[in-house]
Engineer: 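One structure, pasted below without further comment.
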Amino acid sequence: MTNLLDKIFDIQNMYQAFRRVCSNKGTSGVDGISVDEIDRYIRENWQRIKVEIKERRYKPQPVLRVEIPKPNGGTRKLGIPTVMDRIIQQAIVQVLSPIVDKEFSEFSYGFRSGRNYEMAVVKLLGYFYLWVVDIDLEKFFDTVSRDKLMSLLHNTIEDPDTGSLI
């Protein structure tokens with residue numbers, strides 16, 4: 001039986017994590033290593049990093065703190081991990097997500113693979129009963145009882161001065 005760490009370090013899983021992180025083209029973290037440079041870094045350091053993780057000695061790098069301008073003014077703080085740490089995190093997510101996803105409610109859509117807020121809205125709308133009514137007003141007055149209509153209008157208006165105008 002393969003343990004989770006073996007599944008995380010599986011070459012296909014790591015390569016998929018590598019591709020996903022690099023496709024995002026994010027900026028480098030505190031170490032200054034970009035997505036363009038990460039391939040060489042991994043070739044030179046992967047065996048050491050893998051051993052450190054297995055021996056629980058691996059320490060992720062500090063997160064680079066930046067402030068991003070908001071459209072309405074002000075800024076939002078953002079933490080940028082190193083590209084290597086993002087790849088490791090992605091590899092872990094790819095293995096753990098299918099396991100923990102089974103524990104979530106079928107009605108949960110936030111931060112889940114293959115689900116998004118648009119799907120949640122569509123699902124929500126499915127719980128409403130929507131009626132579409134097409135009314136042809138031209139023919140309405142040909143069939144309505146004039147006495148009933150006048151009685152309803154009179155009771156609704158309850159104004160003797162305008163009631164006589166109806």
Engineer: Just wondering, more than 12 heavy atoms not from Tyr58 lying within 6.0 Å of its OH?
Structural biologist: yes
Engineer: Under the side chain to side chain contact (heavy atoms under 4.5 Å, CB included) rule, what do Ile99 and Leu4 come out as? Steps first, then yes or no, please.
Structural biologist: CA-CA 10 Å; Ile99 296 168; Leu4 288 179; 3.6 Å; yes
Engineer: What distance do Cys22 atom SG and Asp36 atom CG have between them, rounded to the nearest 0.5 Å?
Structural biologist: 8.0 Å
Engineer: Go through it in stages, so that I can follow the logic: the residues are Arg112 and Asp101, the test is side chain to side chain contact (heavy atoms under 4.5 Å, CB included), and I'd like the CA-CA distance, side-chain angles, deciding distance and then a yes or no.
Structural biologist: CA-CA 8 Å; Arg112 292 179 70 193; Asp101 193 66; 2.7 Å; yes
Engineer: Gly32 and Glu37: which non-hydrogen atoms are nearest, and at how many Å?
Structural biologist: O-OE1, 3.4 Å
Engineer: Where do Glu106 and Arg115 come nearest, in terms of heavy atoms and distance?
Structural biologist: O-NH1, 2.8 Å
Engineer: In Å, rounded to the nearest 0.5 Å, how long is the span from CD1 of Ile92 to CD1 of Ile53?
Structural biologist: 7.0 Å
Engineer: Considering all heavy atoms of both residues, which atom of Ala17 and which atom of Ile87 are nearest to each other, and what is their separation?
Structural biologist: CB-O, 3.5 Å
Engineer: With a 4.5 Å heavy-atom cut-off, do Arg86 and Ile80 have their side chains touching?
Structural biologist: yes
Engineer: Going by side chain to side chain contact (heavy atoms under 4.5 Å, CB included), name the residues that satisfy it together with Arg20, two or more places apart in sequence or in a different chain.
Structural biologist: Gln90, Gln94
Engineer: More than 12 heavy atoms of other residues, nucleotides or ligands under 6.0 Å from CZ of Arg40: is that the case?
Structural biologist: no
Engineer: Taking atom CZ as the centre, does Arg48 end up with more than 12 heavy-atom neighbours from other residues, nucleotides or ligands that are less than 6.0 angstrom away?
Structural biologist: yes
Engineer: When rounded to the nearest 0.5 angstrom, what distance separates CZ in Phe9 from CD in Gln12?
Structural biologist: 16.0 Å
Engineer: Asn3 side chain to Leu5 main-chain N or O, any donor-acceptor pair under 3.5 Å?
Structural biologist: yes
Engineer: Check for me, please, whether Val63 and Met84 land in the same ILVMFWY cluster - side-chain distances under 4.5 Å, paths through other members count.
Structural biologist: no
Engineer: Between atom NZ of Lys7 and atom CG of Asn13, what is the distance when rounded to the nearest 0.5 Å?
Structural biologist: 10.5 Å
Engineer: Would you say the side chain of Val66 lies within less than 4.5 Å of the side chain of Ile68, judging by non-hydrogen atoms?
Structural biologist: yes
Engineer: If hydrophobic clusters are built by linking Ile, Leu, Val, Met, Phe, Trp and Tyr wherever their side-chain heavy atoms come under 4.5 Å apart, do Tyr41 and Trp46 end up in the same one?
Structural biologist: yes
Engineer: Would you name the heavy atoms of Ala91 and Met14 that are closest together and state the gap between them?
Structural biologist: CB-SD, 3.5 Å
Engineer: State, to 0.1 Å, how close Val83 and Val21 come at their nearest heavy-atom pair, and which atoms those are.
Structural biologist: CG1-CG1, 4.0 Å
Engineer: To the nearest 0.5 angstrom, please state how far the CD atom of Glu52 sits from the CD atom of Gln47.
Structural biologist: 12.0 Å
Engineer: How long is the span from the CG atom in Asp39 to the CD atom in Glu44, to the nearest 0.5 Å?
Structural biologist: 10.0 Å
Engineer: Does any non-hydrogen side-chain atom of Gln89 lie less than 4.5 Å from one of Pro81?
Structural biologist: yes
Engineer: I need the minimum non-hydrogen distance between Asp6 and Lys54, along with the two atoms involved.
Structural biologist: OD1-NZ, 4.2 Å
Engineer: Test of understanding: with ring pair (Phe, Tyr, Trp, His ring centres under 6.0 Å), list the residues that count as partners of Phe18, not counting sequence neighbours.
Structural biologist: none
Engineer: Say whether Ile38 and Val30 are linked into one hydrophobic cluster, either directly or through other cluster members, by side-chain heavy-atom distances under 4.5 angstrom.
Structural biologist: no
Engineer: Could you state whether Ile88 and Leu96 fall into the same hydrophobic cluster, counting links through intermediate Ile, Leu, Val, Met, Phe, Trp or Tyr residues with side-chain heavy atoms under 4.5 angstrom apart?
Structural biologist: yes
